[in-house]
Amino acid sequence: MSEAKPTLYGATYSVYVRAARTALEAKHVKYHLENIDIFAKGGIPQFYRSLNPLARIPTLVHGDFTLFETVAINRYIDEAFDGPALQPADARGRARMTQIISMADTSAYRPLVWDIYVERISKPREDEAGNEALIASALPRARTYLSALNDLVADGPYLLGESPGLADFHTAPIFGYFLETEEGQVLMSDFPRLQRWWAVMSDYEPWQVAQTK
């Protein structure tokens with residue numbers, strides 16, 4: 001395996017870049033962050049499309065190995081580098097991890113980030129009115145997701161128990177944005193296990209670093 005320092009391509013605002021950065025920080029991997037803003041006015045650089053034909057972020061390059069899709073990237077980070085294990089050792093634990101990650105992608109990212117955070121926070125910052133109907137339609141879906149996740153939270157401080165891992169890293173960036181909204185804070189108040197988890201996760205140093213520019 002190449003000993004070269006990996007490069008992570010992506011923008012610091014991206015929830016998926018933040019997930020990958022949290023994994024890198026948790027494993028104490030020295031890496032280079034190369035900014036790729038997929039919303040830049042000039043468009044996505046052509047060289048980046050050669051790395052990732054889907055033109056999404058992040059992409060990880062480690063020596064002669066190029067990898068995109070956050071789930072794959074974070075599993076590679078855990079298995080290719082020394083440091084604390086970020087995945088459960090048993091089959092049921094890994095299945096639960098995959099379930100929680102999949103739930104974040106399929107049931108949380110769109111309503112919590114795009115339909116609530118973007119409409120309530122991002123658009124007003126740009127002097128654009130948020131879509132109140134879209135926010136209202138997203139709230140029941142957000143509640144359903146939060147309820148389902150709350151029921152899965154283990155007894156320990158993290159989603160799967162005593163140790164932080166990939167399930168936490170994939171989920172936390174979504175909550176980071178969602179809980180900037182009043183709607184998110186109100187909904188979260190109904191789910192004590194998630195509140196407990198978020199209080200711990202918010203203080204987790206790799207996650208804090210992953211949010212920096």
Side-chain angles (χ1 to χ4, degrees), residues 1-40 42-89 93-94 97-98 100-102 104-105 108-109 113 117 157-160 162-180 197-198 200-213:
M1 182 180 297
S2 171
E3 297 299 324
K5 182 167 69 173
T7 296
L8 185 71
Y9 292 86
T12 56
Y13 60 72
S14 164
V15 300
Y16 293 107
V17 172
R18 291 180 177 187
R21 291 186 71 191
T22 305
L24 288 163
E25 295 291 338
K27 298 290 281 193
H28 307 292
V29 176
K30 294 182 179 180
Y31 65 98
H32 174 65
L33 180 65
E34 183 71 25
N35 183 60
I36 296 291
D37 184 358
I38 59 174
F39 300 119
I44 299 170
Q46 188 58 43
F47 87 89
Y48 187 68
R49 292 183 183 275
S50 69
L51 296 176
N52 186 338
L54 301 180
R56 297 174 181 170
I57 51 178
T59 295
L60 183 78
V61 176
H62 185 211
D64 59 357
F65 185 58
T66 300
L67 190 64
F68 51 87
E69 295 298 319
T70 308
V71 173
I73 289 171
N74 276 7
R75 286 180 174 170
Y76 176 77
I77 290 168
D78 184 35
E79 296 168 15
F81 297 97
D82 294 333
L86 303 178
Q87 301 176 83
R94 290 193 301 276
M97 176 196 76
T98 303
I100 290 174
I101 289 172
S102 180
D105 287 340
Y109 179 58
V113 177
Y117 169 80
Y158 297 98
L159 291 178
L160 295 178
E162 296 299 322
S163 302
L166 301 188
D168 303 283
F169 304 168
H170 212 85
T171 304
I174 294 173
F175 276 74
Y177 280 126
F178 178 59
L179 292 176
E180 287 189 38
W197 164 72
W198 184 246
V200 173
M201 194 65 197
S202 296
D203 287 336
Y204 181 54
E205 186 175 0
W207 159 241
Q208 295 177 338
V209 174
Q211 300 179 81
T212 62
K213 294 184 178 180

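The model shown is predicted, which means the values in this text are computed figures rather than measured ones.
- In this structure the side chain of F169 reaches within 4.5 angstrom of the side chain of P164, judged on heavy atoms.
- Among the candidates V61, L24, T7, the single residue satisfying the side chain to side chain contact (heavy atoms under 4.5 Å, CB included) test with Y31 is L24.
- Considering only heavy atoms from C-beta on, H170 comes within 4.5 Å of T70 through its side chain.
- One finds a salt bridge joining D78 and K27 here, because a Lys/Arg side-chain nitrogen approaches an Asp/Glu carboxylate oxygen to under 4.0 Å.
- Of all non-hydrogen atoms in A55 and I38, the two that sit nearest each other are O-CG2, 3.8 Å.
- A167 and I100 get closest at one heavy-atom pair: CB-CG2, 4.0 Å.
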Full working for ring pair (Phe, Tyr, Trp, His ring centres under 6.0 Å) between F65 and Y76: CA-CA 11 Å; F65 185 58; Y76 176 77; 5.0 Å; yes
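- Remark: side-chain polar atoms of T98 are paired, donor with acceptor, to backbone N or O of R94 under 3.5 angstrom.
- The only option from L166, T171, I101 that meets the side chain to side chain contact (heavy atoms under 4.5 Å, CB included) definition with L159 turns out to be T171.
- Test F178, Y13, Y177, F175 against Y117 for ring pair (Phe, Tyr, Trp, His ring centres under 6.0 Å) and you get one pass: Y177.
- Side-chain contact between P6 and H32 is absent, with no heavy atoms from C-beta onward closer than 4.5 Å.
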Test log, rule side chain to side chain contact (heavy atoms under 4.5 Å, CB included), inputs M97 and R75: CA-CA 11 Å; M97 176 196 76; R75 286 180 174 170; 3.6 Å; yes
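- Of the N and O atoms on the side chains of W207 and D168, not one donor lies less than 3.5 Å from an acceptor on the other residue.
- Atom CZ of R49 is separated from atom CG of L54 by 10.0 Å, given to the nearest 0.5 angstrom.
- Taken from CG in L51 to CG in L60, the straight-line distance is 10.5 Å, to the nearest 0.5 Å.
- Side chain of H62 to backbone of A4: a donor-acceptor contact under 3.5 angstrom is found.
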Side chain to side chain contact (heavy atoms under 4.5 Å, CB included) evaluation trace for L8 with V17: CA-CA 8 Å; L8 185 71; V17 172; 4.2 Å; yes
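- Scanning all heavy atoms of the two residues, the minimum distance from A72 to L67 falls at O-CD2, 3.5 Å.
- To the nearest 0.5 Å, atom CD of residue E205 and atom CG of residue D203 are 11.0 Å apart.
- A 4.5 Å side-chain heavy-atom check between Y9 and I57 finds every atom pair outside the cut-off.
- Between the N74 side chain and the V71 main chain, no donor and acceptor come within less than 3.5 Å of each other.
- Judged purely by distance below 3.5 Å, without hydrogens or angles, the side chains of S14 and R21 never pair a donor atom with an acceptor atom.
- For L86 against A26, the heavy-atom pair with the smallest separation is CD2-CB, 4.1 Å.
- For the atom pair CD1 of I36 and CD1 of I44, the computed distance is 8.5 Å after rounding to the nearest 0.5 Å.
- To the nearest 0.5 angstrom, I174 atom CD1 is 11.5 Å from L179 atom CG.
- The minimum heavy-atom distance between F68 and P53, with the atom names listed, is CE2-CD, 3.7 Å.
- Considering every non-hydrogen atom in both A210 and T22, the closest pair reads CB-OG1, 3.2 Å.
- Under the 4.5 Å side-chain criterion, counting only non-hydrogen atoms from C-beta, T59 is in contact with T66.
- A donor and an acceptor atom, one from each side chain of Y158 and S163, are nowhere located under 3.5 Å apart.
- Defined by atom type and a distance below 3.5 Å, a donor-acceptor pair is missing between the side-chain atoms of Q208 and E25.
- Checked against the 6.0 Å centroid criterion, the rings of Y16 and Y109 qualify as a close aromatic pair.
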